[in-house]
Amino acid sequence: MNATVPPADIASTGLDEDAARAEIYGLLAHLFYAPPAELLAQLCDAPAAAPGSLLEASWDALAASARELSAPAVQVEYDALFGGVGKPEVYLFGSHYLAGFLNEKPLVRLRDDLSALGLARDPAMPETEDHIAYLCVVMRLLIGGPHAQSADLVRQREFFGAHIQPWAADLCDAIVAQPSARFYARVADFTRDFVQVEAQGFDMLP
């Protein structure tokens, strides 16, 4: 669940489009799976996005939030939003938004699609596969990982359209609505913008 390329590289123009997309998915996977810790310091030093970019405002706001808040404060925020015993303030699982309950039919369909791609959850991972971080990792693999050769843009579009696009905005809205969300409100804003950019790109495919 780690982002291996620093945010400074993601925001730069040095990566080609697919590499940048893959690393943004990696960044989001890291941010949603656990408090950022060392990654927070990298975000503090991230340069401004390219002027006029569709991600400019939300990326710059995310970097500014990283500079304003300490790692312990973000840890507390993450735990308050997504952790705790029992029902969290915000669920990070697709089934909750698509079916109203966890471990429902959307998860079954997801597992079928993952199996068709030759992918399976690591048994050491306690979360189910419909966790937003896991889905971001899958998209990163489809774009630039070992499965990329067999996963063209059409297959990326199919997975994104079935398992991320239908509920990502609802997740972002749920985060922003929480009074305790400061850093993660900015993560949600950036996620929403990125999902919209992805959707627009996939809509342009023949």
Side-chain angles (χ1 to χ4, degrees), residues 1-3 24-37 39-40 43 55 58 61-62 65-66 69 71-115 117 119-142 156 158-199:
M1 289 295 180
N2 292 327
I24 289 174
Y25 276 115
L27 173 68
L28 294 178
H30 189 123
L31 291 173
F32 280 118
Y33 191 68
L39 185 58
L40 189 69
L43 281 168
L55 300 177
S58 56
L62 175 58
S65 182
L69 298 170
V74 174
Q75 168 88 52
V76 170
E77 180 180 326
Y78 183 94
D79 292 342
L81 291 170
F82 312 122
V85 178
K87 181 180 180 296
E89 294 296 328
V90 178
Y91 283 103
L92 294 172
F93 300 91
S95 290
H96 170 77
Y97 298 92
L98 297 174
F101 300 94
L102 300 179
N103 302 318
E104 287 289 323
K105 289 182 180 179
L107 178 58
V108 176
R109 292 193 292 269
L110 171 60
R111 286 172 173 166
D112 288 342
D113 288 348
L114 290 172
S115 178
L117 292 169
L119 299 172
R121 178 175 63 89
D122 186 337
M125 178 181 170
E127 295 81 7
T128 51
E129 295 90 331
D130 58 337
H131 192 291
I132 186 62
Y134 188 97
L135 297 173
C136 287
V137 168
V138 173
M139 282 299 297
R140 186 182 183 188
L141 288 173
L142 294 181
Q156 292 175 36
E158 291 173 349
F159 188 88
F160 174 85
H163 303 297
I164 296 178
Q165 187 178 5
W167 65 279
D170 292 336
L171 167 63
C172 294
D173 290 345
I175 294 171
V176 172
Q178 293 298 317
S180 61
R182 298 178 62 193
F183 176 77
Y184 273 92
R186 303 291 76 77
V187 173
D189 290 340
F190 179 70
T191 301
R192 184 189 292 106
D193 286 352
F194 178 62
V195 168
Q196 290 177 350
V197 169
E198 285 283 273

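Values reported hereafter were calculated over all heavy atoms of this structure, with side chains retained and with hydrogens, waters and symmetry mates removed.
- Applying the side-chain hydrogen bond (donor to acceptor under 3.5 Å, both in side chains) rule to Glu77 yields no partners; only residues at least two apart in sequence or on another chain are considered.
- Of all the heavy atoms in Ala181 and Ile175, the pair that sits closest is CB-O, 3.3 Å.
- When side chains are defined from C-beta on, Leu110 does not count as touching Thr128, because their heavy atoms never get closer than 4.5 Å.
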Show your working on ring pair (Phe, Tyr, Trp, His ring centres under 6.0 Å) between Phe183 and Tyr78 and close with a plain yes or no. CA-CA 9 Å; Phe183 176 77; Tyr78 183 94; 9.9 Å; no
side-chain contact (heavy atoms from CB on, under 4.5 Å), that's the test. Do Tyr33 and Leu92 meet it? Break it down for me. CA-CA 9 Å; Tyr33 191 68; Leu92 294 172; over 6 Å; no
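- Ser180 approaches Ala80 most closely through the heavy-atom pair OG-CB, 4.5 Å.
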Tell me, with the steps shown, if Phe190 and Leu28 meet side-chain contact (heavy atoms from CB on, under 4.5 Å). CA-CA 9 Å; Phe190 179 70; Leu28 294 178; 3.9 Å; yes
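- Taking CG of Leu27 as the reference point, atom CZ of Phe194 lies at 9.5 Å (rounded to 0.5 Å).
- For the side-chain hydrogen bond (donor to acceptor under 3.5 Å, both in side chains) test, no residue two or more places apart in sequence or in another chain qualifies with Tyr184.
- Phe32 CZ to Leu81 CG: the interatomic distance, rounded to the nearest 0.5 Å, is 10.0 Å.
- Separation of atoms CG (Asp122) and CD (Glu127) is listed at 11.0 Å; rounding is to 0.5 Å.
- The CG atom of Leu119 sits 10.5 Å away from atom CG of Asp113, with the distance rounded to the nearest 0.5 Å.
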Could you check Leu117 against Leu142 for side-chain contact (heavy atoms from CB on, under 4.5 Å), going step by step and ending with a plain yes or no? CA-CA 9 Å; Leu117 292 169; Leu142 294 181; 4.1 Å; yes
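- Residues forming a side-chain hydrogen bond (donor to acceptor under 3.5 Å, both in side chains) with Gln178 (at least two apart in sequence, or on another chain): none.
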May I have the list of side-chain donor-acceptor pairs in residues 165-172 shorter than 3.5 Å, sequence neighbours left out?
from: Trp167; atom 1: NE1; to: His163; atom 2: O; distance (Å): 2.7

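- Residue pairs meeting the side-chain hydrogen bond (donor to acceptor under 3.5 Å, both in side chains) criterion with at least one partner in residues 95-109, sequence neighbours excluded, are Ser95-Asp130.
- Separating the CD atom in Gln196 from the CG atom in Leu55 is a distance of 9.5 Å, to the nearest 0.5 Å.
- Contact between Pro88 and Phe82 at its shortest, heavy atoms only, is CB-O, 3.7 Å.
- Partners of Val76 according to the side chain to side chain contact (heavy atoms under 4.5 Å, CB included) rule, which considers only residues two or more places apart in sequence or in another chain, do not exist here.
- Residues satisfying the salt bridge (Lys or Arg N to Asp or Glu O under 4.0 Å) criterion with Arg111, sequence neighbours excluded, are Glu129.
- Applying the salt bridge (Lys or Arg N to Asp or Glu O under 4.0 Å) test to residues at least two apart or on different chains, the pairs with a partner in residues 186-195 are Asp173-Arg192, Arg186-Asp189, Asp189-Arg192.
- Rounding to the nearest 0.5 angstrom, the gap separating the CZ atom in Phe93 from the OH atom in Tyr134 is 12.5 Å.
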